[in-house]
**Q** 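Have a look at this one before I ask anything.
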There are 2 protein chains.
Amino acid sequence: MVWCSRETSRLLCPIGKIKSKRQQAIADREQDLLVIAEQIMEREGFSALTMDKLVSACSYSKGTVYNHFNSKEDLFCALCIKSMKQLLHLFRRASHFEGHHRERMLAIHFAYRLHAMTRPTLFLCVLTAQTPAVREKSSAERLQQQTELDQEVTKICTSILEQAVAAGELTIATPEYVDALTFASWAISFGSNALMSGDCDSGVIERLDAEKALLFNVSLLMDGMGWLPLSREWDYQNSWQRIGSELFAAELLAISDMDKAPISQF
Amino acid sequence: MVWCSRETSRLLCPIGKIKSKRQQAIADREQDLLVIAEQIMEREGFSALTMDKLVSACSYSKGTVYNHFNSKEDLFCALCIKSMKQLLHLFRRASHFEGHHRERMLAIHFAYRLHAMTRPTLFLCVLTAQTPAVREKSSAERLQQQTELDQEVTKICTSILEQAVAAGELTIATPEYVDALTFASWAISFGSNALMSGDCDSGVIERLDAEKALLFNVSLLMDGMGWLPLSREWDYQNSWQRIGSELFAAELLAISDMDKAPISQF
DNA sequence: ACGTTTTTTGACGATTCGTCAAGTTGACGT
DNA sequence: ACGTCAACTTGACGAATCGTCAAAAAACGT
């Protein structure tokens, strides 16, 4: 009957950053717990992640775990946040790609796809965290943190768009159109990745086609924006590969290793 | 420990369509159950939907309910299917809109947005059903039916695209590009709607701006496809309104009534 | 009317969730 | 060094939920 069983987690952690050694230890432990939770999901499937299982897999007691996450859903939300933080790091790297601004935005999309591929489990946590069942039962703090991360991501995209406008690559009617364009970019990327993740079993989209599809979709959208150089004037396939080799060589190597020895893809 | 507790539901329902009066009755009952499940979600929230609650809210016993849905997740999958069927009906209507083909495709997107607005609960079921936790525990039959519906939807989009090509509104390099364009359309619509549903609480996107954003995103994408007439040559804002008044007047009326007396919006 | 097949029932065992009173820890003042 | 106390941890516990199954009921065929 209770809507949100416990508003905040019990662990004292004032408002800003970590203060004492102790709170650092608590924060570290939280990361440990998230890693363990992720491992359980990868090993036994998504629905096998249970609070009881997490408790017995870690070296702490139930109460302690519940001091970190006030419900199973809150745990999912925490995993989503972890995922978004990683994504943010990739985005920051992508935003400094050497090239014109449209290529930089493309690098952002590359990073997103990369993240979906290298950390499928975490990526799916983001999808799961959009679900009302999860949102209803997550703590207010974590939901807040989630929207803050959202805004950070948005800021990166917005900034690239603004630079493109300043550089004359892109023309917009009014300043607030930047937000609309950011949203459109976000939507095409989210939509493509989400649908591809969902359908990867049913095989509508082949694994290797997925990257092509994303590049294709993004190119259409940016052409629609009139973002120069248009795809007919520039080889973005080549840009895509350059992004991979210049920015994310290590991550791509990890993927091909995964394919060779598929451990967790049952 | 069991991966998929029960492969098929126990109710005898061969392969094709309904045969006897009896099986018709069973199918009807299933629809009743879905309606009740939906009501529970609307009244008490998403996470309040419980098998026990569904059982006590309907006039049947637990065993009977479990003969229809072999798990809670399977129930979600069934709700998703119901949602997609409704969507399909709207799409069929949309695909006959009086206008050029780009307007027809726009009508499809309109229908999607409309569905997300008129039946938010069911729409969110689709989102939930994409979640691995749900997919892992749904019955094979239902997952199958889901992909079939997916294909039907795809077929409608594909058909419009092909007609557009035939009419000279759209030029494509090779025939299989039609699939890529269909996927792109689907992705932008899914992405936009999903993000807007998720953020509607946090207020990044205002309720009334949502429609504008979708129209905007779709227009960008179609312009990128080079689908004539381009948005600078045609007033699609006007088309959008025409679609509303000529095709979905009844549904729009229902929405404005909802706004006046918001019953189920918690 | 009677045997067979299909469906329904609801009590039951197994899981999972989330709580809380009692116990432990360690930071801090003296 | 020691006592104190707030903060943290523990794990047994009750409640809620899940999904099953043997027995009862209903439907069906002859």
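Just so it is clear, the structure is predicted and the values come from calculations on it, not from any experiment. Labels below follow one simple rule: chain letters A, B, ... track the order of the sequence lines, proteins then strands, and each chain is numbered from 1.
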**Q** Nearest to the side chain of A:Lys62 - C:dT19, C:dT8, D:dC18?
**A** C:dT19
**Q** Could you work out which one of D:dT9, C:dC17, D:dG19 sits closest to the side chain of A:Arg29?
**A** D:dT9
**Q** By nearest atom, which of the nucleotides D:dT10, C:dG18, D:dC18 is closest to the B:Thr50 side chain?
**A** D:dC18
**Q** Tell me which nucleotide among D:dT9, C:dG18, C:dT7 gets nearest to the side chain of A:Asn67.
**A** D:dT9
**Q** Closest approach to the side chain of A:Thr64, judged atom by atom: which nucleotide of D:dT10, C:dT8, D:dC18 is it?
**A** D:dT10
**Q** With rounding to the nearest 0.5 Å, note down the distance linking CD in A:Glu38 to OG in A:Ser83.
**A** 8.5 Å
**Q** Nearest whole Å is fine: how far is C:dT19 C1' from A:Lys72 NZ?
**A** 18 Å
**Q** Does the B:Ser71 side chain pair with the main chain of B:Asp74, one donor and one acceptor, at a distance under 3.5 Å?
**A** yes
**Q** Taking only the side-chain nitrogens and oxygens of B:Ser61, find out if one of them lies under 4.0 Å from OP1 or OP2 of C:dT8.
**A** no
**Q** Does the side chain of B:Gln144 pick up a donor-acceptor pair with the side chain of B:Glu148 at under 3.5 Å?
**A** yes
**Q** Which whole-number value in Å describes the distance from A:Asp52 CG to D:dG14 P?
**A** 16 Å
**Q** If I take atom NZ in residue A:Lys53 and atom P in nucleotide C:dT16, what distance separates them, rounded to the nearest angstrom?
**A** 6 Å
**Q** Relative to the ring of A:Phe76, is the ring of A:Phe46 parallel (under 30°), tilted (30 to 60°) or perpendicular (over 60°)?
**A** parallel
